[in-house]
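The structure follows.
Counting convention: from 1, in listed order, for ligands and their atoms alike. In this chain, residues are counted from 1 in sequence order.
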Amino acid sequence: MTTKTKYIFVTGGVVSSLGKGIASASIGRLLESQGYKISIIKCDPYINVDPGTMNPYQHGEVYVTNDGAETDLDLGHYERFTSLTTTKLNNITTGQIYFSIISKERRGDFLGGTVQVIPHITDAIKERIRLVPKEQNCDIVIVEIGGTVGDIEGLPFLESIRQMRLEESTEDIINIHLTLIPYIKSAGEIKTKPTQHSVGKLREIGIQPDILLCRTEKHLNKSLKQKISLFCNVNETSVIEAMDAKDIYEIPILYKKQNLDEIIVNLLHLASKRSNLTEWEDTVHKALSPSKKVTIAVAGKYIELQDAYKSIYESLRHGGIANDCRLEIKKVDAEDIENGNLGELFKGVSGILVPGGFGTRGIEGKIEAVRYARENKIPLLGICLGMQAAVIEFSRNVCKLQGAASTEFTPETPYPVICLLEEQRKVEDLGGTMRLGSYACHLKKGTKSREAYGSSEISERHRHRYEFHNGYRLKMEENGLIIAGISPEGTLVEIIEIENHPWFVACQFHPEFKSKPNKPHPLFKDFISASIKVQENNINTHS
Ligand code: GLN
């Protein structure tokens with residue numbers, strides 16, 4: 001443990017979607033491999049308090065922390081790349097900052113003073129950033145500033161990090177700027193001008209980057225690096241090439257090859273320890289050279305979006321790595337399933353995953369996907385709404401409870417097999433009011449879940465309002481449903497399985513939030529392993 005906390009601020013320029021989250025997570029990985037304890041914060045300049053109420057089309061996945069915060073999906077990258085367990089402190093939004101300042105103002109805390117962006121908002125941002133090392137006991141805090149330099153919304157965050165550099169010693173803070181060096185096909189050249197402008201914009205607000213991470217499709221030769229160095233006022237050795245990687249998990253390795261970890265620790269006046277990336281390198285090697293291949297269908301309703309099921313896609317890949325297997329993910333639109341022709345839609349598929357979700361659209365398709373997996377003995381992993389779909393399917397088609405449904409979609413159903421949690425009945429606000437975060441769960445002996453986890457007590461993250469209706473437990477168990485996981489008091493059904501099926505597991509929680517490439521989640525690992533077996537034995541008779 002060093003005496004003073006060190007800060008690394010990561011900004012982005014030129015265009016959005018350059019992968020600041022993955023870059024920050026990769027830097028975290030490198031510094032951990034140097035033996036430092038790190039934390040990573042995401043600052044989101046939007047006015048929403050958190051992304052919990054945002055549409056996946058606007059925001060992508062909502063990542064849930066152990067302590068029940070609904071956060072930006074970049075926190076998922078942070079947890080997957082490093083050993084960090086994030087909390088609500090790791091995501092700061094403009095909404096949270098303004099909310100706290102306006103509440104203080106209403107209480108009269110400012111004693112008649114005018115409340116302003118500088119210093120009140122910027123002070124609150126700095127205070128939130130500094131709270132992380134206090135609470136999480138780390139040597140280095142990486143702070144990723146969302147958005148692109150030049151956005152109006154981002155200015156208070158940039159101003160705050162400018163002030164911090166003045167307040168802390170210069171050797172305790174560095175700025176890293178992620179930028180784009182585009183290749184102009186018609187000219188056959190890569191261009192540095194957008195980067196010069198972006199760095200110019202940063203310098204206008206008083207921030208001089210120490211390191212440039214240059215996203216590029218072509219190698220940057222020495223003279224190009226010299227040019228960037230000269231025009232951007234950054235050391236040539238600190239102009240790092242960030243080429244498109246074959247696999248995102250390769251990025252820390254590509255950075256390390258250019259000594260990024262050494263450059264950072266030197267700039268921060270920290271001792272350079274012998275770095276150990278071996279385990280990570282082994283994982284990446286496995287990911288890049290699998291001997292098998294399996295196709296898994298994800299039957300969701302945001303299949304055209306890359307980010308809506310981010311952690312699920314990553315966790316599936318982790319399950320693949322653990323099984324020496326390359327994963328082909330077939331994204332099947334739940335609404336297309338409603339039009340029938342399941343044989344065609346699931347052709348060549350050896351496992352079906354039904355993800356979580358909200359709202360009526362696509363629910364009947366998800367239920368049909370479960371039926372198809374159950375009847376054709378295709379391994380199934382149902383997650384949250386996916387579990388609820390599995391319960392509804394089983395009630396309708398096995399228990400013959402015609403019209404069984406969730407009260408979320410059909411309040412007047414004769415068989416409300418999924419209904420509102422008792423504690424949810426009086427809830428009025430939408431934001432942050434679900435059953436959120438980690439809860440313990442007890443696993444029943446002899447189940448696939450218990451076998452996967454290798455333990456009877458587990459803890460997993462939740463994000464839901466509705467639950468399995470206990471009044472139907474007995475009827476379903478009599479018909480072959482297995483209640484494989486329950487809450488410690490025995491009141492909430494957390495996992496269901498069915499008899500006489502190669503692998504059919506559906507859980508009320510979100511296992512995808514706890515999987516890492518080098519520590520694949522047991523349910524994903526076993527789901528993929530069962531899918532490979534089904535494929536190898538060719539016991540799935542569906543076309
Ligand atoms: N809509 C369901 C509920 O609120 C499922 C939520 C989810 O899949 N995350 O219970």
Side-chain angles (χ1 to χ4, degrees), residues 50-57 59-66 68-73 75-76 298-303 305 307-313 315 334 352-367 369-370 380-393 395 404-411 413 416-439 441 460-470 472 485 487 491-496 505-515 521 523:
D50 63 39
T53 52
M54 279 191 228
N55 187 320
Y57 285 107
H59 189 271
E61 164 186 285
V62 174
Y63 186 79
V64 181
T65 60
N66 268 348
E70 297 174 281
T71 70
D72 186 73
L73 57 79
L75 274 72
V298 173
K301 61 178 183 176
Y302 301 108
I303 54 153
L305 301 180
D307 283 350
Y309 303 118
K310 189 104 217 159
S311 295
I312 287 183
Y313 294 149
S315 303
I352 298 178
L353 188 148
V354 181
F358 297 83
T360 315
R361 185 169 71 84
I363 181 66
E364 290 303 323
K366 289 183 175 179
I367 295 169
V370 174
L380 174 108
L381 178 56
I383 296 179
C384 207
L385 183 62
M387 175 194 121
Q388 299 175 357
V391 170
I392 296 169
E393 194 280 323
S395 315
S406 162
T407 54
E408 180 179 5
F409 317 115
T410 320
T413 170
V417 288
I418 302 292
C419 61
L420 212 50
L421 281 162
E422 194 48 52
E423 74 238 30
Q424 286 291 331
R425 294 191 198 273
K426 287 182 266 351
V427 167
E428 280 175 6
D429 277 357
L430 269 189
T433 54
M434 281 184 257
R435 179 174 182 239
L436 288 166
S438 270
Y439 287 91
C441 168
E460 291 283 3
R461 300 184 195 172
H462 295 249
R463 181 173 185 250
H464 66 115
R465 285 187 207 285
Y466 294 82
E467 64 162 326
F468 186 111
H469 190 317
N470 285 328
Y472 295 94
S487 59
T491 47
L492 299 175
V493 172
E494 302 280 32
I495 311 180
I496 59 150
V505 177
C507 48
Q508 186 59 80
F509 50 78
H510 291 270
E512 73 272 23
F513 295 143
K514 285 176 71 170
S515 186
H521 190 284
L523 290 183

Pick out the protein N or O atoms lying less than 3.5 Å from any N or O of ligand 1, and list each pair with its distance.
from, atom 1, to, atom 2, distance (Å)
ligand 1, 1 (N), Gly357, O, 3.0
ligand 1, 1 (N), Glu408, OE1, 2.7
ligand 1, 1 (N), Glu408, OE2, 3.1
ligand 1, 4 (O), Arg465, N, 3.0
ligand 1, 8 (O), Gly357, N, 2.8
ligand 1, 8 (O), Gly357, O, 3.4
ligand 1, 8 (O), Leu385, N, 3.0
ligand 1, 9 (N), Arg463, O, 2.9
ligand 1, 9 (N), His510, NE2, 3.3
ligand 1, 10 (O), Gln388, NE2, 3.1
ligand 1, 10 (O), Arg465, N, 3.1
ligand 1, 10 (O), Tyr466, N, 2.8

Between Asp307 and His59, does any side-chain donor sit less than 3.5 Å from a side-chain acceptor? no
Determine whether Gln508 and Val493 make a side-chain contact, defined as any pair of heavy atoms from C-beta on separated by less than 4.5 Å.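 Sidechains of Val493 and Gln508: no contact.
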Check step by step if salt bridge (Lys or Arg N to Asp or Glu O under 4.0 Å) holds for Arg435 and Glu494. CA-CA 13 Å; Arg435 179 174 182 239; Glu494 302 280 32; 2.9 Å; yes
Is a donor on one side and an acceptor on the other found under 3.5 Å between the side chain of Arg463 and the backbone of Cys384?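 No, the answer is negative, given that no donor and acceptor are paired below the 3.5 Å cut-off.
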Quick one: are Phe509 and Leu523 in side-chain contact, heavy atoms under 4.5 Å?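 With C-beta onward as the side chain, the pair touches.
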If the condition is side chain to side chain donor-acceptor pair (under 3.5 Å), which residues does Thr407 pass it with, not counting sequence neighbours? none
